[in-house]
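What you are looking at is a predicted structure, and each value in this text was computed from that prediction instead of being measured. Chain naming here is simple, since letters A, B, ... match the order of the sequence lines and numbering starts at 1 in each.
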Protein chains: 2
Amino acid sequence: MPMSSPAKENYLKAIYALSNELENVTLSKLSERLRVSNPTANSMIKSLKELNWVNYEKYRPISLTDEGKKQAVKIVRRHRLAEMFLVEKMGFNWSEVHDIAEEMEHIKSSLFFDRMDEILGFPERDPHGSPIPDKQGKVLHHNFSKLSEASVGSKVRLMALGSSSRDFLKFLDNRNLELGTEIKVKSIEAFDQSMEVSYNSLAPTTFSRDICDRLLVLPL
Amino acid sequence: MPMSSPAKENYLKAIYALSNELENVTLSKLSERLRVSNPTANSMIKSLKELNWVNYEKYRPISLTDEGKKQAVKIVRRHRLAEMFLVEKMGFNWSEVHDIAEEMEHIKSSLFFDRMDEILGFPERDPHGSPIPDKQGKVLHHNFSKLSEASVGSKVRLMALGSSSRDFLKFLDNRNLELGTEIKVKSIEAFDQSMEVSYNSLAPTTFSRDICDRLLVLPL
DNA sequence: TATTGTTGTTAGACTTATCTAAACTTTTAT
DNA sequence: ATAAAAGTTTAGATAAGTCTAACAACAATA
Ligand SMILES: [Mn+2]
Ligand SMILES: [Mn+2]
Ligand SMILES: [Mn+2]
Ligand SMILES: [Mn+2]
């Protein structure tokens with residue numbers, strides 16, 4: 001009875017991520033996120049319950065047990081360390097690293113990841129601004145707000161991303177937007193909440209609500 | 001029909017390695033090397049034949065097709081680059097890297113390995129002295145001889161290892177033997193072919209025939 | 001509260017990679 | 001040339017992880 005496996009680790013990670021996004025993690029949200037069918041997720045949840053990694057009763061929402069959360073955080077740590085290593089030490093762009101990290105995270109060697117951590121100088125965030133859990137599993141809890149919540153005239157600094165899809169990252173690359181960039185809100189369109197913003201002393205641009213919801217910022 | 005998989009890649013690599021060790025690669029040599037049962041190897045060989053990666057007729061020896069060899073060399077390249085990267089860029093000892101590389105080699109990103117290659121300065125050999133195939137699949141063919149074939153009074157330089165098992169590497173670490181070390185053959189015991197050797201200006205030591213067979217050297 | 005639509009479960013099937021036991025071929029030794 | 005030993009294949013089973021089709025439960029709403 002193999003305790004862990006890449007598939008199980010991916011489920012744990014998905015449940016962990018969904019727990020931070022939704023009130024209740026449901027089977028269909030989980031299967032949608034992992035792009036598997038409902039029955040597939042259902043049967044995997046049964047295995048995870050068997051391992052005491054999730055709490056689950058038929059037809060009820062899914063949650064991680066303490067042990068399950070510990071496992072999930074371990075994989076999140078590995079994923080984010082891998083992404084950071086790829087960007088900082090191997091010259092990859094932040095839009096290229098997710099899929100590689102998705103595979104690296106399953107390598108069975110704590111030392112491999114602790115060594116990365118050390119070489120990187122124990123970074124607090126990954127290339128997309130997400131916190132990297134430390135070796136003990138402690139996760140830095142951040143309090144960034146969405147750019148979409150900023151008011152006209154305010155100035156903010158881009159700290160993290162609410163999505164790391166390749167398309168979104170490419171969009172940001174094209175606009176020369178990176179973590180740390182200072183953004184000024186020029187105006188907000190009442191009809192669709194799109195924002196006119198400026199940064200890097202460039203001519204103002206317009207960002208849709210969708211974009212602004214995924215830019216996590218700190219007020220300056 | 002997934003073309004490749006970690007399991008298939010491990011089989012290709014094992015067949016490739018055995019081809020360089022034996023006249024004929026037989027099913028039982030293969031299953032022994034991979035620590036699987038004969039029927040398991042037999043059924044995998046059928047799949048590999050289906051993919052046109054091996055030549056195989058019932059009861060006859062196994063060989064790689066051109067395409068199979070290409071695939072095998074690709075994985076060998078990835079394994080050896082990973083080992084080299086772990087040693088040179090991540091501070092691992094040569095005895096710690098094999099198992100991690102055994103997992104890394106299956107990551108599906110050519111760029112990941114080409115980037116390692118570049119960062120390492122396109123090394124010709126891995127930490128155990130084995131040649132690293134280049135991006136085009138060309139393998140540096142070396143002509144080292146076994147220490148066991150050296151004659152009394154001769155001086156040689158350790159260039160590569162005929163085995164990279166953890167125990168063997170630990171043995172070499174304990175004796176402060178590393179690639180590049182100059183070794184002088186003091187005497188050979190007629191009974192068991194064990195050799196009295198000296199290196200690093202240390203007091204002479206005795207190496208068994210088993211050891212001397214696995215030390216690949218160049219005459220000086 | 002009864003109907004309906006959404007969500008979750010069960011049943012049954014498939015693929016890959018593995019195993020053991022039994023049968024069959026090939027090789028080796030008398 | 002036979003018989004024994006060694007090596008290989010077939011048959012049948014299992015486990016993980018996936019699927020579709022059909023059915024059941026829940027939640028929303030009329
Ligand atoms: Mn990622
Ligand atoms: Mn993954
Ligand atoms: Mn190795
Ligand atoms: Mn491998």
Side-chain angles (χ1 to χ4, degrees), chain A residues 1-15 18-19 21-64 68 71-72 75 102-103 105-108, chain B residues 1-15 18-19 21-63 68 71-72 75 102-103 105-106 108:
Chain A
M1 331 287 114
M3 196 128 143
S4 199
S5 66
K8 288 193 177 64
E9 291 174 350
N10 288 338
Y11 278 85
L12 289 177
K13 208 159 45 103
I15 298 166
L18 287 170
S19 305
E21 294 171 32
L22 307 169
E23 186 59 35
N24 285 317
V25 178
T26 63
L27 199 75
S28 34
K29 288 293 177 190
L30 180 61
S31 62
E32 181 192 358
R33 179 65 56 96
L34 289 168
R35 299 149 169 288
V36 297
S37 69
N38 264 352
T40 297
N42 184 264
S43 100
M44 182 60 94
I45 286 299
K46 286 177 185 169
S47 308
L48 295 177
K49 182 185 165 75
E50 206 58 40
L51 289 165
N52 276 298
W53 285 348
V54 299
N55 303 119
Y56 188 61
E57 300 301 330
K58 269 191 183 188
Y59 299 105
R60 322 274 32 244
I62 299 155
S63 65
L64 294 172
Q71 295 295 322
I75 305 302
E102 200 58 54
E103 298 188 64
E105 69 191 3
H106 305 296
I107 288 174
K108 286 160 198 51
Chain B
M1 336 278 112
M3 197 127 144
S4 199
S5 67
K8 288 195 176 63
E9 290 174 352
N10 289 338
Y11 278 84
L12 288 177
K13 208 158 45 103
I15 298 166
L18 288 170
S19 304
E21 295 170 30
L22 307 169
E23 185 59 35
N24 284 318
V25 178
T26 63
L27 201 73
S28 34
K29 288 292 178 190
L30 180 60
S31 61
E32 180 191 358
R33 178 63 58 96
L34 289 168
R35 300 146 167 288
V36 296
S37 68
N38 264 351
T40 297
N42 184 263
S43 101
M44 182 60 96
I45 287 299
K46 286 176 184 170
S47 308
L48 295 176
K49 183 184 165 75
E50 206 58 39
L51 289 165
N52 275 299
W53 285 349
V54 299
N55 303 119
Y56 187 60
E57 300 303 330
K58 270 191 184 190
Y59 298 102
R60 321 277 34 243
I62 299 154
S63 66
Q71 295 295 322
I75 305 302
E102 200 58 55
E103 298 189 63
E105 70 192 1
H106 306 295
K108 287 160 198 52

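- For A:Ser37, no side-chain nitrogen or oxygen approaches OP1 or OP2 of D:dT18 to under 4.0 Å.
- Nearest to the side-chain atoms of A:Met44 among the listed nucleotides C:dT18, C:dC19, D:dG17 stands D:dG17.
- Ranking D:dT9, D:dC19, C:dT10 by closeness to the A:Lys46 side chain, first place goes to C:dT10.
- OP1 or OP2 of C:dA17 has at least one side-chain nitrogen or oxygen of B:Ser5 nearer than 4.0 Å.
- Contact of the B:Leu18 side chain with the B:Ile62 side chain is not registered, since no non-hydrogen atoms from C-beta on lie closer than 4.5 Å.
- C:dT15 atom P lies 13 Å from atom NZ of B:Lys8, rounded to whole Å.
- Within the 4.0 Å cut-off from OP1 or OP2 of C:dC19, at least one side-chain nitrogen or oxygen of B:Thr40 is found.
- Taking the salt bridge (charged side-chain N to carboxylate O under 4.0 Å, His left out) definition, one finds that B:Glu102 meets it with B:Lys13, sequence neighbours left out.
- Note: NZ (A:Lys49) to P (C:dT9) measures 11 Å, nearest angstrom.
- For the pair A:Ile62 CD1 and C:dT7 P, the computed distance is 14 Å after rounding to whole Å.
- In this structure, B:Ile45 atom CD1 and D:dT9 atom C1' are separated by 13 Å, rounded to whole Å.
- Regarding contacts with the backbone of C:dT16, every side-chain N or O of B:Tyr11 stays at 4.0 angstrom or more from both OP1 and OP2.
- Of the candidate nucleotides C:dG8, C:dT18, D:dA21, D:dA21 has the atom lying nearest to any side-chain atom of A:Pro39.
- Across C:dT9, C:dA17, D:dT18, the shortest atom-to-atom separation from the side chain of A:Tyr56 is found for C:dT9.
- Taking CZ of B:Arg33 as the start and CD of B:Glu21 as the end, the distance is 4.0 Å to the nearest 0.5 Å.
- What separates CG of B:Asn38 from P of C:dT25 is a distance of 17 Å, to the nearest Å.
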Counting only pairs under 3.5 Å, give me each side-chain donor-acceptor contact of residues 34-42 of chain A, with atom names and distances, residues two or more places apart or in other chains.
from: A:Ser37; atom 1: OG; to: A:Thr40; atom 2: N; distance (Å): 3.3
from: A:Ser37; atom 1: OG; to: A:Thr40; atom 2: OG1; distance (Å): 2.9
from: A:Asn38; atom 1: OD1; to: A:Ser31; atom 2: OG; distance (Å): 2.7

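- With a 4.5 Å cut-off on side-chain heavy atoms, A:Glu105 and A:Asn10 count as touching.
- For residues 37-58 of chain A, every residue pair satisfying the salt bridge (charged side-chain N to carboxylate O under 4.0 Å, His left out) rule, not counting sequence neighbours, is listed here: A:Lys49-A:Glu57.
- For B:Ala7, taking side-chain heavy atoms from C-beta onward, the closest of the listed nucleotides D:dT18, C:dG8, C:dA17 is C:dA17.
- Between A:Leu48 atom CG and D:dG17 atom C1' there is a gap of 12 Å when expressed in whole angstrom units.
- Summarising the geometry, the separation between CG on B:Asn42 and P on D:dT9 is reported as 4 Å, rounded to the nearest angstrom.
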Would you list the protein and nucleotides 23-26 of chain D atom pairs, both N or O, that sit under 3.5 Å from each other?
from: D:dA25; atom 1: O4'; to: A:Tyr59; atom 2: OH; distance (Å): 3.2

Stepwise side-chain contact (heavy atoms from CB on, under 4.5 Å) test for A:Lys8 and A:Leu51: CA-CA 11 Å; A:Lys8 288 193 177 64; A:Leu51 289 165; 3.8 Å; yes
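- Contacts between residues 24-36 of chain B and DNA chain D, defined by a heavy-atom separation below 4.0 Å, involve B:Thr26, B:Leu27, B:Ser28, listed by number.
- Checked by atom type and distance alone, the side chain of A:Glu103 pairs as donor or acceptor with a backbone atom of B:Lys108 at under 3.5 Å.
- The salt bridge (charged side-chain N to carboxylate O under 4.0 Å, His left out) test applied to A:Lys29 returns no partner, not counting sequence neighbours.
- Distance A:Asn10 CG to D:dA16 P: 17 Å, rounded to the nearest Å.
- B:Arg60 is not listed as a side-chain neighbour of B:Asn24, based on a closest heavy-atom distance of 4.5 Å or more.
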